[in-house]
Amino acid sequence: DSDDDEFDPNDWWPAWVFINEVEANPMDYDEDNEWVELYNDGESDVNVGNWTLTTAGGSVVSIEPGTIITAGGFLVVTAEGYWLRNTDETVILMDEEGDEVDRTPVLDDEYDDDYSWSRYPDGGDEWVYIEASPGLPVPPIELSLGTISDLFEEDEMWLQWSAGCYPYGLWDVSDFLGSRP
C-alpha cells in the first residue's frame with residue numbers, strides 16, 4: 001500500500017468466486033425451485049451485483065445489484081420458472097463487464113431427488129453428485145453418489161459413474177475386456 005508502505009495481498013490476488021453447486025432437478029417440482037450456489041473462496045468480500053448466470057438452454061439470470069458474497073461465504077441464486085435443464089446443462093458465471101468468471105462441466109441430473117452437483121471441496125476441481133447443501137459447505141465426499149473427473153488421455157479406458165452402477169465410482173474398462181486375438 002503506497003500510503004504506509006504496507007503490503008496488502010488483496011491488492012494483488014483477487015477474490016475467487018466459483019459456481020459451487022447446481023440443483024437442476026429438485027424433489028417434487030422444478031419450476032421456481034431450481035438453484036445455483038456461488039462460493040467466494042477469497043479473503044475479501046466480493047460485489048457480484050449485475051453478474052449473470054447463463055445456461056446451455058439460453059436462460060440468463062441476473063444477480064441483484066449490490067449483492068455481496070462475504071469472504072468464505074455462499075450465495076444461492078434462484079429464478080422464476082424453469083431455467084436449468086436436467087440433461088446436458090452447463091452454467092456460466094459472467095461478471096458485470098461480461099467476462100467469464102467460471103463455468104460448470106456438462107451436468108446431468110435426471111433424478112427427482114435431493115441431490116445436486118457440487119464442487120468438492122468447496123471451490124475445488126472435482127464435481128460430485130451429493131446431497132444438496134444450499135448455502136452450506138458440501139457434505140463429506142463419502143456421501144456422494146458419483147463424480148465427474150477431468151480425465152487425461154492416458155485414462156481414456158475409464159468409465160464414469162452412472163445410476164445403474166454399483167459400487168459407485170470409476171471403473172477400468174480393461175478389467176472387463178479379455179485379450180484380443
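Just so you know, these numbers use all the heavy atoms, side chains as well, and skip hydrogens, waters and symmetry mates. Along the sequence shown, residues are numbered consecutively beginning with 1.
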If I take atom [atom1] from residue [X] and atom [atom2] from residue [Y], how far apart are they, to the nearest 0.5 angstrom?
X	Y	atom1	atom2	result
Met27	Asp112	CE	CG	7.0 Å
Glu100	Leu93	CD	CG	8.5 Å
Tyr129	Tyr115	OH	OH	8.5 Å
Glu21	Arg119	CD	CZ	12.0 Å
Ser116	Glu23	OG	CD	5.5 Å
Thr104	Trp127	OG1	CH2	5.5 Å

Hphob cluster co-occupancy, Ile130 + Tyr120, side-chain heavy atoms under 4.5 angstrom: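 Yes, because Ile130 and Tyr120 connect within a single hydrophobic cluster, where side-chain heavy atoms sit under 4.5 Å apart.
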Hphob cluster co-occupancy, Leu107 + Tyr111, side-chain heavy atoms under 4.5 angstrom: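 Same cluster.
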Show every donor-acceptor pair shorter than 3.5 Å between a side-chain atom in residues 58-69 and any protein atom, with sequence neighbours excluded, or say none if there are none.
{"residue": "Ser59", "atom": "OG", "partner": "Trp83", "partner atom": "O", "Å": "3.3"}
{"residue": "Thr67", "atom": "OG1", "partner": "Glu64", "partner atom": "O", "Å": "2.6"}

For [X], enumerate each residue passing the side chain to side chain contact (heavy atoms under 4.5 Å, CB included) test, keeping only those at least two apart in sequence or located in another chain.
X	result
Pro121	none
Pro134	Trp35, Val76, Ala132
Arg85	Ala56, Asp88, Glu89

Is the shortest side-chain heavy-atom distance between [X] and [Y] below 4.5 Å?
X	Y	answer
Leu53	Leu38	yes
Ile19	Val36	yes
Asn86	Asp108	no
Val48	Leu75	yes

Intermediate values then yes/no, side chain to side chain contact (heavy atoms under 4.5 Å, CB included), Asn25 and Asp30: CA-CA 6 Å; Asn25 194 1; Asp30 289 5; 2.9 Å; yes
Pairs involving residues 37-67, ordered by first then second residue, that meet ring pair (Phe, Tyr, Trp, His ring centres under 6.0 Å) (sequence neighbours left out):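 Qualifying pairs: Tyr39-Phe74.
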Verdict with supporting geometry, Thr55 and Thr90, side chain to side chain contact (heavy atoms under 4.5 Å, CB included): CA-CA 6 Å; Thr55 70; Thr90 301; over 6 Å; no
Polar side-chain atom of [X] near backbone of [Y] as donor-acceptor pair, under 3.5 Å:
X	Y	result
Asn40	Ser44	yes
Asp114	Glu131	no
Trp16	Val101	no
Glu96	Gly98	no

Polar side chain donor-acceptor pair, Asn33 to Tyr82, under 3.5 angstrom: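 Note: Asn33 and Tyr82 side chains miss the donor-acceptor criterion.
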Donor-acceptor pair between Asp122 and Asn20 side chains, under 3.5 angstrom: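 Checked: Asp122/Asn20 side chains pair up, N/O donor to acceptor below 3.5 Å.
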Listed partners of Glu80 passing salt bridge (Lys or Arg N to Asp or Glu O under 4.0 Å), at least two apart: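 Once residues adjacent in sequence are excluded, Glu80 has no partner under the salt bridge (Lys or Arg N to Asp or Glu O under 4.0 Å) criterion.
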Verdict with supporting geometry, Met94 and Asp99, side chain to side chain contact (heavy atoms under 4.5 Å, CB included): CA-CA 5 Å; Met94 300 178 91; Asp99 295 323; over 6 Å; no
